[in-house]
Participant: 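Structure provided below as structure tokens; questions to follow.
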Amino acid sequence: MKLVRTLSSRNFFIFNLVLIGIIFGFFMAFISFSCSAIGGIARAQDMPPVEIPQDALIVAESMQRVLNAVSDRVLPSVVEVNTVSVQRQRQAPGFDGIPWDFFFGPPGERGGEDNRDREFRSRAMGSGIIIRQDRNLYYVVTNNHVIEGATEILIGTRDGREYPADIVGRDARRDLAVLSFTSNERFPLAELGDSDSVKVGDWAIAMGNPLGRQFSFSVTMGIISAVGRTGGPGGNINDFIQTDASINQGNSGGPLVNIRGEVIGINTWIASNVGGGSVGLGFAIPINNAKRVIEDIITTGDVRDGWLGVLLSDPDRATIQDMRYTDLRGSMVVQVSLGSPADRGGMRAGDFVTHVNDREVRGTNQLIQMVGDMRPGEQSVFRVFRSGSTINLNVTIEARVDAAAADNRRLWPGLSVVPITSELRSNLRLGDDAEGLYVTQVIEGSPAYITNIRRGDRILTVNGIAVPDLNTFYRVLREGTGTELQFGFMRGESTLESIKFIR
């Protein structure tokens, strides 16, 4: 018992000693933290605040005021373009819990010629810009794809009002449309700038209605990332301004604005790999591309494009080398429509267009756009490279008529060929000694098609003259343009002669 009591007393003493140590440790830690905190506060109070450089602040505030002013100036001329598309589709009969309706259709539809037709109304929204006023009639420019297929169009203004709109005219090739609405209210008009003066690195401000009404009349800012971009959806003939100012679905038709508040572009499409969200790759139609279209539509209700009468191509590397186009920029004429402005002006298949009215041609899309923007009756100088020499051709442009532009019977020669390279021999499994020019395309109804030439044939002669390279091929074609056409060719392992075409 004693021993036990002795051990218990010792344990009690140790327990008290440990408890006192713990309490003392907490006390010292609290004192240390308090002192550190007080010291820290004192030091923080003693430290001088970081000064914002006044000159930098003045510049930043000036920039901010500019952006405020641009937004206040342009946003009132931005509108919502709300569309409704109505479609009727035949529906299979369905069971809705009423056997009578299942067999005979809902009330009001029984006895009709087709009681399974249903009407579907789909809604969409884009953006637009008020650009002109004639008394109480306002004109709005937007993208053609925004109003494509619409049966009802409403213009929504920033003050919350809505007005029914009419389509004044449209240009599907440039993805532009002009709408009109009537109002006794006064709305400011957007000022159209000069997109030809836009440079990479300029400020760019995008406005519109991204992702619908919830985010309507938004403003985003970035820079001009590039100019002269080509491509885009729908095969339109524009070059584009590229910007990293955030553009999303619903921004289509809205303005791209410079730092002066001038419209320099019309937001049209984005490149995205995230399901349609902005990744900083937005594209706008340069406003200078739209000015003539807007004027034509408002004045006449239609757009009269210039027509040259050629089919063009950006040649591949082998063609460039074979035709000695090295270091040249431009577009190659591969077909000429007989009787067209190009034909009468002396342009021939195989010509390489480098300049129009002393303006450099950077590629096929740009040349198509330049010709389309020309006024019918306007005479232009086309500089072409032909057989090692540069010549100028005076061509009087005509108005584009779709029927004439689509008449394949007039296309000379009506086929496209490429030189046979080692790569092509390998891909087509041709022998190393395979000769001729490989036919990549034959246009149905054209002179070449009538002679019975088909894709995959190898052209050996034209009008009895050997054509071992593209230069010779186009020279012979040029000399016989519009008269007669006959080919010696190979189809598989057979050497053949085509039917002779005589105009």
Side-chain angles (χ1 to χ4, degrees), residues 67 70-71 74-75 78-83 85 122-129 140-150 156 170-177 179 190 193 195 198-259 262-290 293 363 365-366 369:
L67 294 174
V70 169
S71 300
V74 182
L75 270 180
V78 178
V79 298
E80 298 173 347
V81 180
N82 300 289
T83 66
S85 300
S122 58
R123 299 180 182 274
M125 191 176 82
S127 306
I129 319 161
V140 172
V141 65
T142 185
N143 287 133
N144 181 63
H145 75 260
V146 170
I147 52 105
E148 187 76 40
R170 58 211 298 176
D171 183 355
R173 297 179 77 219
R174 295 177 180 83
D175 197 14
L176 292 169
L179 312 176
S195 55
V198 170
K199 296 181 179 179
V200 174
D202 287 352
W203 291 111
I205 304 164
M207 301 183 184
N209 308 296
L211 304 182
R213 185 162 291 179
Q214 182 180 1
F215 303 107
S216 59
F217 304 101
S218 293
V219 178
T220 56
M221 188 185 76
I223 63 168
I224 301 297
S225 305
V227 295
R229 294 296 198 203
T230 57
N236 58 64
I237 64 173
N238 290 296
D239 58 342
F240 293 94
I241 299 170
Q242 179 186 332
T243 179
D244 65 349
S246 184
I247 296 174
N248 285 285
Q249 295 174 359
N251 273 112
S252 290
L256 186 69
V257 182
N258 64 18
I259 202 66
E262 300 165 338
V263 177
I264 54 173
I266 299 171
N267 303 324
T268 300
W269 65 286
I270 61 175
S272 174
N273 57 3
V274 291
S278 175
V279 292
L281 292 171
F283 300 87
I285 298 171
I287 198 62
N288 287 4
N289 292 14
V293 174
N365 281 353
Q366 187 202 20
Q369 178 195 321

Participant: Would you say Asn209's side chain and Phe217's backbone share a donor-acceptor pair under 3.5 angstrom?
Facilitator: yes
Participant: Locate the shortest heavy-atom distance separating Gly208 from Ser127; write the atom from each residue and the value.
Facilitator: CA-OG, 3.5 Å
Participant: Provide the closest heavy-atom pair for Pro286 versus Asp239 in the form atom of the first, atom of the second, distance.
Facilitator: CD-O, 2.9 Å
Participant: To the nearest 0.5 Å, how far apart are CG in Asn143 and CG in Leu176?
Facilitator: 6.5 Å
Participant: Measuring from Ile223:CD1 to Thr243:OG1, what's the distance to the nearest 0.5 Å?
Facilitator: 7.5 Å
Participant: Working to the nearest 0.5 angstrom, can you tell me the gap between Leu211 CG and Met125 CE?
Facilitator: 9.0 Å
Participant: Passes side-chain hydrogen bond (donor to acceptor under 3.5 Å, both in side chains), Glu148 versus Asn144? Steps please.
Facilitator: CA-CA 6 Å; Glu148 187 76 40; Asn144 181 63; 2.8 Å; yes
Participant: How far apart are the closest heavy atoms of Ile147 and Val81, and which atoms are they?
Facilitator: CG2-CG1, 3.9 Å
Participant: My understanding is that only one of Ile247, Asn251, Val279, Leu281 makes a side-chain contact (heavy atoms from CB on, under 4.5 Å) with Ile270; could you say which?
Facilitator: Ile247
Participant: Angle between ring planes, Phe240 versus Trp269, binned at 30° and 60°: parallel, tilted or perpendicular?
Facilitator: perpendicular
Participant: Are the side chains of Asn258 and Val263 in touch, meaning some heavy atoms are under 4.5 Å apart?
Facilitator: no
Participant: Shortest non-hydrogen contact from Ile259 to Val70?
Facilitator: O-CG2, 3.4 Å
Participant: Please name the pair of heavy atoms, one in Pro255 and one in Asn267, separated by the smallest distance, quoted to 0.1 Å.
Facilitator: O-ND2, 3.2 Å
Participant: When you compare the side chain of Asn289 with that of Arg174, does any pair of heavy atoms fall below 4.5 Å?
Facilitator: no
Participant: So which atom in Ala204 and which in Ala245 form the shortest heavy-atom distance, rounded to 0.1 Å?
Facilitator: O-CB, 3.9 Å
